[in-house]
Protein chains: 2
Amino acid sequence: MSQNGVGVDLETSLGYLLKEASSALRAAMEEVLRPLGMSVTHYSCLELLAQRPGLSNSELARGAFVTRQTMNVLLQALERDGYVTRPAEAPVGKVLPTRLTPRGRRSLEKATVAVRSVEVRMLAGMTETEQSDAFRILRSMIHSLRDGNDGA
Amino acid sequence: MSQNGVGVDLETSLGYLLKEASSALRAAMEEVLRPLGMSVTHYSCLELLAQRPGLSNSELARGAFVTRQTMNVLLQALERDGYVTRPAEAPVGKVLPTRLTPRGRRSLEKATVAVRSVEVRMLAGMTETEQSDAFRILRSMIHSLRDGNDGA
DNA sequence: TGACTCATGTCAGTATTCTGACATAGATTC
DNA sequence: GAATCTATGTCAGAATACTGACATGAGTCA
């Protein structure tokens with residue numbers, strides 16, 4: 001079907017491989033979250049709030065790797081459906097601290113179990129050493145990409 | 001601003017780190033492709049065609065990690081603007097082999113240089129060993145995620 | 001040959017995310 | 001204190017990608 005012998009260096013590109021891995025992860029997460037009626041961004045938002053209660057819209061956006069406008073529309077839907085609460089007025093500045101409701105916490109529980117199974121599956125074929133290597137290498141890539149190439 | 005001391009295990013999740021790395025890579029690529037008026041999917045399509053001339057719509061979609069419907073609208077735009085050509089009738093079956101035009105090839109050249117700089121930047125802080133480790137580990141993750149957990 | 005399955009190309013509508021823009025609150029600088 | 005800068009929340013429109021659906025061509029099997 002493909003692999004027709006041409007020296008395809010997409011197969012030797014770390015960027016392409018990273019995109020492939022990310023795509024596979026996203027697909028696997030969507031697959032297990034779909035039965036729960038939850039998208040990946042939806043889940044990310046709830047998980048962030050469970051681990052750091054009181055995060056603002058902008059902080060949630062950065063944590064979920066979307067724009068604050070995108071997170072805003074998601075939060076409005078989550079608030080309307082009773083998964084999170086935000087004060088009507090900001091305690092300080094314009095920042096509205098968001099918190100999970102009991103309903104949000106319950107909804108998250110099932111999702112966490114589902115997502116953890118994906119994480120476990122992803123780590124399945126890796127040794128302890130490979131896992132810590134993976135962390136170190138991914139962090140190195142992130143750092144290099146963020147701070148431009150004038151770091152040295 | 002954050003990091004308020006709560007034991008945040010998102011920081012210990014390989015899935016989260018993978019998403020973070022992928023997001024950083026995408027942002028870096030968009031940054032260098034924007035001046036050329038080219039999106040990441042747009043570039044991926046042209047690069048795939050340069051390395052494997054004659055790929056079909058569906059094959060390009062799989063290679064760029066989008067649906068074949070999404071790739072179809074992109075190909076129609078690229079064809080309209082003279083970057084690629086497809087025969088009016090399928091030589092065999094329904095498959096329409098796509099090829100770059102000279103204009104498409106020219107457009108790709110600049111983009112390739114730009115994207116290569118991102119790839120180089122990403123590999124900057126890594127040793128040879130770490131690079132080959134990165135390949136092996138990412139492939140392992142992809143394999144585990146794809147084939148379900150009943151591989152063993 | 002005929003029924004069935006599968007992959008493909010494509011149209012349409014929907015969903016999700018982004019960019020642009022604005023007003024406002026806190027921090028910084030003079 | 002006033003000006004400036006930065007960050008935030010939010011609205012609106014545009015871009016992008018997806019799901020659903022359909023017809024068609026090729027391979028498989030009886």
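All chains are named by letter (A, B, ...) in the order of the sequence lines, taking the proteins before the strands, and each is independently numbered beginning at 1.
For A:Arg62, a side-chain nitrogen or oxygen approaches OP1 or OP2 of D:dT8 to under 4.0 Å. Phosphate contact (OP1/OP2 of D:dT8, side-chain N/O of A:Asn57, threshold under 4.0 Å): absent. For C:dG20, neither phosphate oxygen OP1 nor OP2 lies less than 4.0 angstrom from any side-chain nitrogen or oxygen of A:Arg68. Proximity of A:Asn72 to the phosphate of D:dT10: a side-chain N or O atom is located under 4.0 Å from OP1 or OP2.
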Shorter than 3.5 Å, N or O on both sides, protein versus nucleotides 3-6 of chain D: list them out with atom names.
none

Review item, nucleotides 12-14 of chain D N/O atoms under 3.5 Å of protein N/O:
none

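Annotation: B:Arg136, atom CZ; neighbour count of heavy atoms from other residues, nucleotides and ligands within 6.0 Å is above 12. The 12-atom threshold is exceeded at CZ of A:Arg105, counting heavy atoms of other residues, nucleotides or ligands nearer than 6.0 Å.
In this structure, CE of A:Met71 is placed 10 Å from P of C:dC18, rounded to the nearest angstrom. Taking atom CG of B:Leu75 as the reference point, atom P of D:dT16 lies 15 Å away to the nearest angstrom. Spacing between atom CG of B:Leu60 and atom C1' of D:dA17 amounts to 16 Å, rounded to whole angstrom units. Regarding B:Leu74, its CG atom lies at a distance of 13 Å from the P atom of C:dT10, rounded to whole Å.
Where B:Val73 and B:Gly93 meet DNA chain D, the nucleotide closest to each residue was compared, and B:Val73 sits on the side nearer the 5' end. Of the residues near DNA chain C, A:Phe65 and A:Pro91, the one whose nearest nucleotide (by heavy atom distance) lies more toward the 5' end is A:Phe65.
Distances were taken from every side-chain heavy atom of A:Val95 (C-beta onward) to each of C:dT10, D:dT8, D:dA23; the shortest belongs to D:dT8. Set against C:dG9, C:dA25, D:dC18, the side chain of B:Val66 has D:dC18 as its closest nucleotide. Between C:dA23, C:dT19, C:dT8, one nucleotide has an atom nearer to the side chain of B:Lys94 than all others, and that is C:dT8. Nearest nucleotide to the side chain of B:Thr67, out of C:dG9, C:dT17, D:dC18: D:dC18. Comparing C:dC11, C:dT8, C:dC22 by their closest approach to the side chain of B:Gln76 singles out C:dC11. With D:dA26, D:dT8, D:dA21 as the choices, the nucleotide that has an atom nearest any side-chain atom of A:Ser58 turns out to be D:dT8.
Contacts of A:Val113 classified as side-chain contact (heavy atoms from CB on, under 4.5 Å), with partners at least two apart in sequence or in another chain: none. B:Ser13 is linked by a side chain to side chain donor-acceptor pair (under 3.5 Å) to A:Glu119, counting only residues two or more places apart in sequence or in another chain. The ring-ring contact (aromatic ring centres under 6.0 Å, His included) search around A:Tyr16 returns B:Phe65, not counting sequence neighbours. Applying the side-chain contact (heavy atoms from CB on, under 4.5 Å) test to B:Arg106 and every residue at least two apart in sequence or in another chain returns B:Pro102, B:Arg103. With sequence neighbours left out, the side-chain contact (heavy atoms from CB on, under 4.5 Å) criterion links A:Leu96 to A:Arg86, A:Pro87, A:Ala90. Under the side-chain contact (heavy atoms from CB on, under 4.5 Å) criterion, A:Leu17 pairs with A:Glu20, B:Phe135, B:Leu138, B:Arg139, B:Ile142, not counting sequence neighbours.
Contacts with DNA chain D (heavy atom under 4.0 Å) in residues 24-43 of chain B: B:Thr41, listed by number.
For residues 91-114 of chain B, the set of pairs meeting the ring pair (Phe, Tyr, Trp, His ring centres under 6.0 Å) definition, not counting sequence neighbours, is empty.
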Side-chain atoms of residues 67-77 of chain A: list all donor-acceptor pairs with protein atoms under 3.5 Å, sequence neighbours left out, distances to 0.1 Å.
from    : atom 1 : to      : atom 2 : distance (Å)
A:Thr67 : OG1    : A:Thr70 : N      : 3.2
A:Thr67 : OG1    : A:Thr70 : OG1    : 3.0

For residues 23-47 of chain B, run the donor-acceptor check on the side chains, cut-off 3.5 Å, and write out each pair with its distance to 0.1 Å, sequence neighbours left out.
from    : atom 1 : to       : atom 2 : distance (Å)
B:Ser39 : OG     : B:His42  : N      : 3.1
B:Tyr43 : OH     : B:Glu47  : OE1    : 2.8
B:Ser44 : OG     : A:Lys19  : NZ     : 3.4
B:Ser44 : OG     : B:Val40  : O      : 2.8
B:Glu47 : OE1    : B:Thr112 : OG1    : 3.2
B:Glu47 : OE2    : B:Gln51  : NE2    : 2.9

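Heavy atoms of A:Leu96 sit under 4.0 angstrom from primed sugar atoms or phosphate atoms, though from no base atom.
Although no hydrogens or angles enter the test, the distance criterion places a donor-acceptor pair under 3.5 Å between the side chain of A:Ser144 and the main chain of A:Ser140.
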